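Data first, discussion second: the structure below is written as structure tokens.
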Amino acid sequence: MTLSRWISIGWVLIATILVVMSAMGGNATIVGGLLWLLWTAPVGLIWQFALYDRVLPILGTEATNWFGVVGVYAGAYLFWFSFIRGI
């Protein structure tokens with residue numbers, strides 16, 4: 001395996017830990033949510049501060065949250081490991 005493959009696997013593992021952490025409740029939710037925003041930047045920040053409030057009335061709370069997690073997860077991975085790698 002190449003170094004970039006190991007880095008991408010590590011990125012996915014950390015992102016998964018942060019998603020689980022942000023759903024635990026209590027202080028872990030706050031810390032996990034903030035770290036998730038930083039880890040998935042810029043896609044996570046765009047979703048949370050520009051798109052979330054526009055999608056919420058259309059899909060409802062539960063569907064918007066799931067759509068956001070999956071979309072940010074995939075978008076940030078593609079951004080960091082496809083778009084940036086191609087530059």
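Fair warning: this is a prediction, and the values are worked out from it, not measured in the lab.
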Pairs under 3.5 angstrom only: tabulate donor-acceptor contacts from the side chains of residues 36-59 to other protein residues two or more places apart or in another chain.
residue, atom, partner, partner atom, Å
Trp39, NE1, Trp11, O, 3.3
Thr40, OG1, Trp36, O, 2.7
Tyr52, OH, Asn65, OD1, 3.2

What side-chain donor-acceptor pairs closer than 3.5 Å can you find for residues 15-27, not counting sequence neighbours?
residue, atom, partner, partner atom, Å
Thr16, OG1, Val12, O, 2.8
Thr16, OG1, Tyr73, OH, 2.5
Ser22, OG, Leu18, O, 3.3
Ser22, OG, Val19, O, 2.8

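Through direct or indirect side-chain contacts shorter than 4.5 Å among Ile, Leu, Val, Met, Phe, Trp and Tyr, Ile30 is connected to Leu34. If you chain together ILVMFWY residues whose side-chain heavy atoms come under 4.5 Å of each other, Leu78 ends up in a group of its own. Taking Ile, Leu, Val, Met, Phe, Trp and Tyr as members and joining any whose side-chain heavy atoms lie under 4.5 Å apart, directly or through other members, Val70 forms no hydrophobic cluster with any other residue.
Arg5 meets the side-chain contact (heavy atoms from CB on, under 4.5 Å) test with Met1, Thr2, Ser8, Ile9; sequence neighbours excluded.
Shown here is Phe81, whose CZ atom has more than 12 heavy atoms of other residues, nucleotides or ligands within 6.0 Å.
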